[in-house]
Protein chains: 2
Amino acid sequence: MVTISDIAAALGVTPSTVSRALSGSPRVKEETRLAVEKMAAEMGYERNIVASNLRKGRSDIVGIIVPRIHRNFFSNVIGGAESILEAAGYCVLICQTHERFEAEVKALRTLRNNQVAGVLMSHAIGSDNGKHILDVLGDRIPLVQFDRVFSELPGAKVVSNNFEGAYAATKHLVEQGYRRIGTLAGYMNSEAYAARLEGYRQALRDSGLPVDESLVHYDTIVRETGYEAGLKAIEAGCDALYSAGDFSALGAIEAARERGLRIPEDFGIVGTANEAFTALMTPSMSSLALNPFEMGRQAAQAFLAGEEGTVVVPMELKVRESSCRNKLQNLSI
Amino acid sequence: MVTISDIAAALGVTPSTVSRALSGSPRVKEETRLAVEKMAAEMGYERNIVASNLRKGRSDIVGIIVPRIHRNFFSNVIGGAESILEAAGYCVLICQTHERFEAEVKALRTLRNNQVAGVLMSHAIGSDNGKHILDVLGDRIPLVQFDRVFSELPGAKVVSNNFEGAYAATKHLVEQGYRRIGTLAGYMNSEAYAARLEGYRQALRDSGLPVDESLVHYDTIVRETGYEAGLKAIEAGCDALYSAGDFSALGAIEAARERGLRIPEDFGIVGTANEAFTALMTPSMSSLALNPFEMGRQAAQAFLAGEEGTVVVPMELKVRESSCRNKLQNLSI
DNA sequence: CGGAATAATACAAACGTTTGTACAACGATC
DNA sequence: GATCGTTGTACAAACGTTTGTATTATTCCG
């Protein structure tokens, strides 16, 4: 591998001059810079990033920590972040936590020891607060949180407007004439799910409908639990459900079919996340779309800008057949 | 940050002794090693990986290059690879090519300049051969290719049994009574697609059916091109399609519906990749499942083992409604 | 033309680790 | 007690870059 010293020797200058020339310092003469660049190209020089990082005390690597990389949502966030970071000259180091606290701490350590320029993360379900994050990263490494956020931590945050989204989804069901609307609510230690539940409640209140807590089904995010909760909801006389997840909504649809209910005539449903299958099934499923790619972009941009605020990425209600007794429509919140 | 020199000073030994103690060299006395380890723990020492990498000339980072990270297949491969590499003490640096040759070269350069311990990659459609890969990586950085493979390159390879898979898928269509079976074949500069096409052809031959080259539709991997090719296939009198991709298969289904054909009664289809939506749509779509997580695991293991061979990860034909005029069945190849 | 100001380059010390070689201490052997 | 091998440490030179300071070359002005 050719080094700046080789170039320096070939040109009869010192390595420092070569270094400055290549990084565009105003302290080298235009003529010298051109000569250096030419020689560097000729000799096939490429900067040793590791040495550069060691000297500078930081790298051009941005760490991203997610619970599971192969979940659709997170891989899209990563894709969005990467699209911005790559253009800005960074590369991306990925760590998974598998929802475990210990793995999260380990990932944070790994990233810090690699002297990453920053960390974008969505914390594990297993983490109750962000103390460990602060402990490991200190105040030297900028942090951007997305989706799952500890609001007490410093640094930028990127979230969805879960309250407004769930509000719009529920309101939509009301407008379609459903009157006894339940919800599959997810886990309450996640602020996102909690906000969706509140949005659902508020929409009912604002519509003059009673908020019946027996129609709220907690901890339902997979198909099986959605199915069971769906059966209960039907027995309780529900005619519609807003589900905080798509897979649980799918389970509820199964339950409704099994009970001989037609969708959307007898039973309406809106899911959340806009998973690929929702648009492709029959009848197609209405869903409150997250925008993970955009969240990734925003997180990356927040890191680049070094700003501290909270960015809210709007959700979009995709109205499809499963909730439309009236006409089809598409709402942006 | 505390360094080995700090520890050395605190104990009255030299940094080299500390370094050797921490890396378990037999050249330090057991007693000294314990003292060093204790002091390191007390002072909260963590090895500066960047400095270590510079000195050693390589890092504990493994680069993974994929066309697009948020494609289900690739994010699962990454997940599989990461599960193995993480356990072995490596971390994973991700690069996307967006199917572009130039981006692939840039990614390779980035990884080499970061002195990665190895590269796992699936090349871009835009790359016709692997010369650039060899040029950039040289023979110092081990390479493992997966899925899309240049067989002329050295290093380990992990592939699916595309020929056998496509053969089984096509044979299945024959067994279901379809007689004029076309194919959506993908890009022929990818050996995987080429092998699938051969499997399709061989299955027809072995079934005593004519191989009509006008029923082979090249370069169709997305929904739109699948739709167009689907229309052509229907006009040409096809009653079934084996598609080398799920999205193109979806497009073909649209085309069939538009032409008033019932699925599977009038028109059968089998896709490839077993995307999540295939099982959830109505009618559910048969698909030739890849095993991306396992491929990632195998690729990582091949890197760790430093072996050169080719690993074949079997595909599995998921038989669902879209191809079943007779009975439902599930085939393992 | 002298001297100050400025421009351009050279010098050298870092960054924190690893590792080959040298060295000291010690016990064993003859 | 001199010689030798062994064991444990110290010494010092890397790895390739960046960057503060010193030095030399150039320009400009009175």
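Keep in mind that this is a model prediction, so the values were computed, not measured. Below, read A as the first sequence line, B as the second, and so on, with proteins coming before strands; counting in each chain starts at 1.
Counting non-hydrogen atoms of neighbouring residues, nucleotides and ligands closer than 6.0 angstrom, the CE atom of Met1(A) reaches no more than 12 such neighbours.
Position along DNA chain D of the nearest nucleotide to Thr3(A) versus Val28(B) favours Val28(B) as the more 5'-ward residue.
In terms of the side chain to side chain donor-acceptor pair (under 3.5 Å) criterion, residue partners of His132(A) (sequence neighbours excluded) are, by chain and number, Glu104(A). Tyr45(A) is linked by a ring pair (Phe, Tyr, Trp, His ring centres under 6.0 Å) to nothing, counting only residues two or more places apart in sequence or in another chain. Contacts of His98(A) classified as ring pair (Phe, Tyr, Trp, His ring centres under 6.0 Å), with partners at least two apart in sequence or in another chain: none. Under the ring pair (Phe, Tyr, Trp, His ring centres under 6.0 Å) criterion, Tyr193(A) pairs with no residue, sequence neighbours left out. With sequence neighbours excluded, no residue forms a ring pair (Phe, Tyr, Trp, His ring centres under 6.0 Å) with Phe73(B).
Whole-Å rounding puts the Arg112(B) CZ to dG16(D) C1' distance at 15 Å. Here dA12(C) presents its C1' atom at 13 Å from CD1 of Ile4(A), a figure rounded to the nearest Å.
Residue Val50(B) is classed as having no contact, given no heavy-atom separation below 4.0 Å to the nucleic acid.
For the segment residues 29-48 of chain A, residues with any heavy atom less than 4.0 angstrom from an atom of DNA chain D are, sorted by number, Tyr45(A), Arg47(A), Asn48(A). Looking at residues 14-23 of chain B, you'll see Thr14(B), Ser16(B), Thr17(B), Arg20(B) sit with a heavy atom under 4.0 Å from some atom of DNA chain D. Only Ala51(B), Ser52(B), Arg55(B), Lys56(B), listed by number, bring a heavy atom of residues 51-61 of chain B to less than 4.0 angstrom from any atom of DNA chain C.
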Contacts under 3.5 angstrom, residues 292-301 of chain A side chains, donor-acceptor by atom type, not counting sequence neighbours:
{"from": "Glu294(A)", "atom 1": "OE1", "to": "Arg297(A)", "atom 2": "NE", "distance (Å)": "3.3"}
{"from": "Glu294(A)", "atom 1": "OE2", "to": "Gln298(A)", "atom 2": "NE2", "distance (Å)": "2.7"}

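The CD1 atom of Ile4(A) lies 12.0 Å from the CG atom of Leu11(A); values are rounded to the nearest 0.5 Å.
Nearest approach of Val136(B) to Arg109(B), heavy atoms of both residues: CG1-N, 3.7 Å. In plain terms, the two heavy atoms of His70(A) and Gly79(B) that are nearest each other are ND1-CA, 4.2 Å.
Each end of the helix from dC1(C)-dG30(D) to dC30(C)-dG1(D) gets its own axis, taken as the rotation carrying the C1' atoms of four end pairs onto the next four within a five-pair window, and the two axes meet at 60° to the nearest 10 degrees.
Between Glu99(A) and Arg71(A), at least one side-chain N (NZ, or NE/NH1/NH2) sits under 4.0 Å from a carboxylate O, which counts as a salt bridge. Classification of Arg148(A) and Glu191(A) as a salt-bridged pair fails, no side-chain N sitting under 4.0 Å from a carboxylate O. Using a 4.0 Å cut-off between a side-chain N of Lys or Arg and a carboxylate O of Asp or Glu, Lys157(B) and Glu308(B) do not qualify as a salt bridge.
Between the side chains of Ser16(B) and Ser19(B), no donor-acceptor pair is found at a separation under 3.5 Å.
Identified under the side chain to side chain donor-acceptor pair (under 3.5 Å) test for residues 78-91 of chain A, with sequence neighbours left out: Glu82(A)-Gln96(B), Glu86(A)-Lys106(B).
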Using a cutoff of under 3.5 Å, can you pull out all pairs of nitrogen or oxygen atoms linking the protein to nucleotides 22-24 of chain D, with atom names and distances?
none

